[in-house]
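To start, the structure itself, in structure tokens.
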Amino acid sequence: MAALRRRSDRRAAPRFDPDLGDRALTVARHDIAIGRWQGVRDLLRATGENWPLRSHRVRAVAGAAAGSSVVEAWRAAEPNSPDAAVLRAATEVTRVFNGAIAAGRGAGTPRDRVDAAVRACLRAAATHPTDPTPWASLLTVVRLYEGGVARRELRTWWDELRRRDPYHLEGHIQMLRYFSARWHGTHGSMYDFARDAAGAAPAGSPLPVLVQIARVEEYRYVSDAAKGRPVRGFGQHWTHELAVTELHRTYDRWLGGRPPGPIRAEEAAELNYLAHAASCAGLSPEAGALVGLLGERVATVPWVYTGDPAQQILRWRGRAGDRSPRRT
């Protein structure tokens, strides 16, 4: 009976939970929906200096708060709250990006909007000096400057983030995107950054997955250029020898070095990139094991870039546990 239930669970359509199983975050986002800020305050207070979890929660709450005045209400009620300042900055960054998306790529973003978001990030950083989150928000929004920013200035902000958390995953992802061909760099500069960061990361760190995120960024660049037409001449992108070698390296260094136990909400978004890479490479043991490990913490990104997310995940969910994944 238990075996039948497991097989039935594998065939069930995946449930894409935007909070990736973080129930406390779900409650706080519900508070935002009804116009209350107190639940968000309590959530961030309880999160403390768990920087990976804080990054996950601030990013999600900022997305939920961007279309409301909840953050402004909190700031008005508690003007000296460092958490409120950090969330206000992240929310401004989200609003500016939402505006850029609505305008369409190539339309440009008014510089004064980006400047205002940058100032909010710097104020938040001054208000909460130990928190790397405002620096990650800053590294996110400066991508919207036409032509980027001066290398010295970017380096200063990057050093500030790493001084607070040298292995801050979200900050590394934002720098990777800054250096990508989609923004202010090249495929080469992006991969160099990803591989350098992955090579310097300690065992159990998720930073090696930056290489798989870079591979998705390159695919998106080519896909955008195709303008809806099939992406041709890219068949080996996921399956060539280097791509597979780096996938195995990430698998072994990240999952082989992390403590045993279920996947945490703050790991899930990036683990989807590793599962997606294994899927696209056709590596059945790894793809099945990773999708099984994710369980209900599956996300639409990056699966949506290569087809229907549910169909891709169901394909590999059915193979979860069929074979042991490769391990060193």
Side-chain angles (χ1 to χ4, degrees), residues 18 44 51-67 71 83-103 105 107-128 131-151 153-185 189-190 193-194 197 206-207 209-210 213-214 216-217 220-221 266 269-270 273 299 301-302:
L44 296 184
W51 302 134
L53 182 60
R54 184 174 176 86
S55 177
H56 159 69
R57 287 176 165 175
V58 167
R59 188 170 63 246
V61 170
V71 178
D83 283 347
V86 170
L87 182 59
R88 173 78 167 78
T91 303
E92 275 304 293
V93 170
T94 299
R95 287 168 176 161
V96 175
F97 260 94
N98 287 348
I101 292 167
R105 191 164 183 85
T109 302
R111 187 179 181 90
D112 61 336
R113 290 293 314 279
V114 185
D115 287 343
V118 166
R119 288 194 296 270
C121 292
L122 293 173
R123 285 195 298 269
T127 302
H128 203 317
D131 190 355
T133 312
W135 298 102
S137 295
L138 179 62
L139 293 170
T140 302
V141 77
V142 296
R143 292 208 309 269
L144 291 173
Y145 279 126
E146 186 176 354
V149 295
R151 184 58 65 96
E153 195 168 28
L154 186 68
R155 181 71 197 193
T156 297
W157 296 335
W158 173 241
D159 288 344
E160 292 289 351
L161 176 122
R162 295 190 72 246
R163 190 173 295 122
R164 290 155 177 81
D165 183 1
Y167 307 115
H168 194 272
L169 180 56
E170 178 65 16
H172 278 77
I173 291 171
Q174 297 309 326
M175 277 291 276
L176 179 148
R177 289 180 175 144
Y178 185 94
F179 289 133
S180 74
R182 295 181 64 238
W183 291 98
H184 303 294
S189 61
M190 173 182 67
F193 174 81
L207 280 181
V209 82
L210 289 170
I213 295 175
V216 171
E217 287 294 311
R220 289 184 67 191
Y221 179 87
E266 60 269 29
E270 286 69 40
Y273 278 89
V301 173

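Index from 1, following the sequence. Side chains included, hydrogens not; waters and symmetry mates left out as well; all remaining heavy atoms used.
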Only one of Arg59, Arg54, Arg177 passes salt bridge (charged side-chain N to carboxylate O under 4.0 Å, His left out) with Glu170; say which it is. Arg59
Could you tell me whether Trp158 and Phe193 have their ring centroids closer than 6.0 angstrom? yes
Do other residues, nucleotides or ligands put more than 12 heavy atoms under 6.0 Å from Tyr221 OH? no
Rounded at 0.5 Å granularity, tell me how far [atom1] in [X] sits from [atom2] in [Y].
X      : Y      : atom1 : atom2 : result
His184 : Tyr145 : NE2   : OH    : 11.0 Å
Leu210 : Leu176 : CG    : CG    : 6.0 Å
Ile213 : Leu169 : CD1   : CG    : 6.0 Å
Gln174 : Trp183 : CD    : CH2   : 10.0 Å
Leu161 : Thr156 : CG    : OG1   : 13.0 Å
Leu138 : Leu154 : CG    : CG    : 9.0 Å

For a quick test of reading the model, state the closest non-hydrogen atom pair linking [X] to [Y] and the distance between them.
X      : Y      : value
Ala65  : Arg95  : O-NH2, 3.6 Å
Glu266 : Leu53  : OE1-CD1, 3.4 Å
Asp131 : Pro134 : O-CD, 3.3 Å
Trp51  : Arg164 : NE1-O, 4.0 Å
Thr94  : Gly63  : CG2-CA, 4.0 Å
Leu139 : Gly171 : CD1-O, 4.3 Å

Report the C-alpha distance between Thr133 and His128 in whole Å, list the side-chain angles of each, state the deciding distance to 0.1 Å, and finish with yes or no for side-chain contact (heavy atoms from CB on, under 4.5 Å). CA-CA 9 Å; Thr133 312; His128 203 317; over 6 Å; no
In sequence, state the C-alpha distance, the side-chain angles, and the governing distance for Val118 and Val142, and then conclude on side-chain contact (heavy atoms from CB on, under 4.5 Å). CA-CA 7 Å; Val118 166; Val142 296; 4.1 Å; yes
Quick one: list whatever passes side chain to side chain contact (heavy atoms under 4.5 Å, CB included) with Pro110, sequence neighbours left out. Asp112, Arg113
Working for side-chain contact (heavy atoms from CB on, under 4.5 Å), residues Leu122 and Trp135: CA-CA 8 Å; Leu122 293 173; Trp135 298 102; 3.9 Å; yes
Heavy-atom side-chain proximity of Val141 to Val114 below 4.5 angstrom: yes
Between His172 and His168 (side chain of the first, backbone of the second, donor and acceptor by atom type, cut-off under 3.5 Å), is there such a pair? yes
Quick one: does Ser137's side chain have a donor or acceptor within less than 3.5 Å of a partner on Cys121's backbone? no
Is the shortest distance from a Lys or Arg side-chain nitrogen in Arg163 or Asp159 to a carboxylate oxygen in the other one below 4.0 Å? no
